[in-house]
K.L.:
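Handing you this structure, nothing more for now.
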Number of protein chains: 2
Amino acid sequence: MEHDHIATEAAAAAATAEPATTETATRARTRRAILDAAVTVLSANHGASLADVAEAAGVGRTTVHRYFAERSDLVAALGADVRERLHEATVRARVEEGPAPKALERLCLEYFELGDRLMLLFDVPQFLSWAGFDEETGSDRVLVRLIERGQSEGTVDAEADAEWLQNVLWSLLYAAWMQARDYGTPRHTALSSCLHTLRKAMAAS
Amino acid sequence: MEHDHIATEAAAAAATAEPATTETATRARTRRAILDAAVTVLSANHGASLADVAEAAGVGRTTVHRYFAERSDLVAALGADVRERLHEATVRARVEEGPAPKALERLCLEYFELGDRLMLLFDVPQFLSWAGFDEETGSDRVLVRLIERGQSEGTVDAEADAEWLQNVLWSLLYAAWMQARDYGTPRHTALSSCLHTLRKAMAAS
DNA sequence: GGAAAATGGAACATGGATGTTCCATAACGG
DNA sequence: CCGTTATGGAACATCCATGTTCCATTTTCC
């Protein structure tokens, strides 16, 4: 009963990012702690148990279930959170301004800052292929349109398919983050390597 | 007792690829069917159950356990199999011959043909970081050395770190295979996009 | 300081994947 | 063609993640 109520309220808050009735500051902080821990733990190991997430969040396993009734609820909230960050990053990059190659670099830089969340986007296809995502923020469409604009301007390789170049950007980002996380390469080094290669790959031929 | 014997024999055969006592042709075929099914099923879904693998192989779940006592045994055999294919592909590419960029393209082409096995290499880091792999075949080292050769020749971008370029190649391969598998892009189209971008990314600046 | 909110932990129920054993049957091969 | 080999399936035990309930304790906040 009361659990159902709490769970529903939590799901609603996570989905719409709007405290339905009025979410206490305490609860908001706990929720964030759980979501952040989930990003770290699940990006490192997809099959991690909720107990692992709870431990990483410095919280009891029971508490996790209080906020997210089922595992799928946590995953859904995680997806919403990641998509929101992705949208914010896209806005910060001001993709409409200036020459396309520069805009692509700004976008790449902002996305790189998403850190572990980047891995989740890549590893959990469900997050990007979520029904209604294109309609909501359209971050993906933004990228394709930016590339197409560059191709029209003559500043981006027009021989390559725009969707392919989009995947290239994602792949290079993923590679750079992996390099930083698993090989111990300093983040700024990995990022500048990534940007260097991205420039060459995108350049008009 | 007898099961232990069978299991041990199977593990030895899988590890050394040499029928210890004398593996029947029937058993060899069944083993291959299971390994091939495992590649398909596990590359699509890491958490798939052994029952799924058995079904895909057209074999009883019991039979799977007869060949691979534990899940970890199957995974280990899978790793050995994939590494072997990777080695063969590397040999076919004749990386020592001709200019480095051409050799890189040959290598990329051969690796692309590994298909789903490619995804496993990428998704299960355990396979490539396996202790003793570098000593055994050294496929990874081969790639780095090839890139370094190109950098010496002046035919490959010397501003980028060789290990980074190695990761770029893997990432582009992964992206191309994903594009073919999930987006329905014809394989040859995805491959030529991949090679096109690879050429530009590797080119000396 | 004290009521309300939030948490932690124990205990329990459940389901799915694993791994094992046994036996009847089918396929193989000399 | 017949003995050996290989297989399928049922039944069973076990483990682990999940999800739920209850209660004592701590924390927050008025």
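Below, chains carry the letters A, B, ... as their sequence lines are ordered, and counting in each starts from 1.
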K.L.:
Round to the nearest Å and state the distance from B:H65 atom NE2 to D:dG8 atom P.
P.N.:
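Atom-to-atom, B:H65 to D:dG8, this comes out as 14 Å.
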K.L.:
Please check if the distance between the ring centroids of B:W170 and B:Y111 is under 6.0 Å.
P.N.:
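They qualify: ring centres under 6.0 Å apart.
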K.L.:
How many whole angstroms separate atom CZ of A:R66 from atom C1' of C:dT7?
P.N.:
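To the nearest whole Å, that distance equals 6 Å.
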K.L.:
Check the distance between D:dG8's C1' and B:E55's CD and give it to me in whole angstrom.
P.N.:
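Rounding to the nearest Å, CD of B:E55 and C1' of D:dG8 are 14 Å apart.
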K.L.:
Grab the CD-P distance between A:E23 and C:dA5 for me, whole Å please.
P.N.:
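Answer to the nearest Å: 14 Å.
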K.L.:
How close or far is atom P of C:dG15 from atom CG of A:L50, stated in whole angstroms?
P.N.:
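It is 18 Å, rounded to the nearest whole Å.
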K.L.:
Assess whether one donor atom and one acceptor atom, taken from the side chain of A:T62 and the base of C:dG9, lie less than 3.5 Å apart.
P.N.:
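By the distance-only test, yes, there is a pair.
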K.L.:
Atom CZ of B:R27 and atom P of C:dA27: how far apart are they, to the nearest Å?
P.N.:
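Rounded to the whole Å, the gap is 18 Å.
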K.L.:
Under 4.0 Å, heavy atoms only, any strand: does A:G47 hit a base, just the sugar-phosphate, or nothing?
P.N.:
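A:G47: no heavy atom of the nucleic acid under 4.0 Å.
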K.L.:
Tell me: CZ of B:R71 to P of D:dT14, nearest whole Å?
P.N.:
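After rounding, the reported distance stands at 22 Å.
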K.L.:
It should be established whether B:T30 places a side-chain nitrogen or oxygen under 4.0 Å from OP1 or OP2 of nucleotide D:dT7.
P.N.:
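Indeed, a polar side-chain atom of B:T30 lies that close.
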K.L.:
Strictly below 4.0 Å, N to O, side chains only: are B:E113 and B:R187 in salt-bridge contact?
P.N.:
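Salt bridge flag = yes for B:R187 with B:E113.
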K.L.:
Look at B:Y67 and D:dA6 and indicate whether a side-chain polar atom (N or O) is within less than 4.0 Å of OP1 or OP2.
P.N.:
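No, because none of the side-chain N or O atoms of B:Y67 sits under 4.0 Å from OP1 or OP2 of D:dA6.
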K.L.:
Counting only side-chain N and O atoms of A:T26, is one of them less than 4.0 Å from OP1 or OP2 of C:dA5?
P.N.:
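Looking at the OP1 and OP2 atoms of C:dA5, neither is under 4.0 Å from any side-chain N or O of A:T26.
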K.L.:
How close or far is atom P of C:dG15 from atom CD of A:E70, stated in whole angstroms?
P.N.:
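Value for this atom pair: 14 Å.
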K.L.:
Output yes when B:R94 and B:E97 qualify as a salt bridge under the 4.0 Å nitrogen-oxygen rule, no when they do not.
P.N.:
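B:E97 and B:R94: salt-bridged.
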K.L.:
Hey, is B:D81 close enough to B:R31 for a salt bridge, meaning N to O under 4.0 Å?
P.N.:
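Not counted as a salt bridge, because no side-chain N and carboxylate O are separated by less than 4.0 Å.
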K.L.:
Hey, does the side-chain of B:R61 have a donor or acceptor N/O within less than 3.5 Å of a partner on the base of C:dG19?
P.N.:
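Present.
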K.L.:
Does a side-chain heavy-atom distance below 4.5 Å link A:D157 with B:K200?
P.N.:
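Answer yes - side chains close enough.
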K.L.:
When you check the phosphate oxygens OP1 and OP2 of D:dC16, does a side-chain N or O of A:S49 lie under 4.0 Å from one of them?
P.N.:
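A:S49 to D:dC16 OP1/OP2: no side-chain N or O under 4.0 Å.
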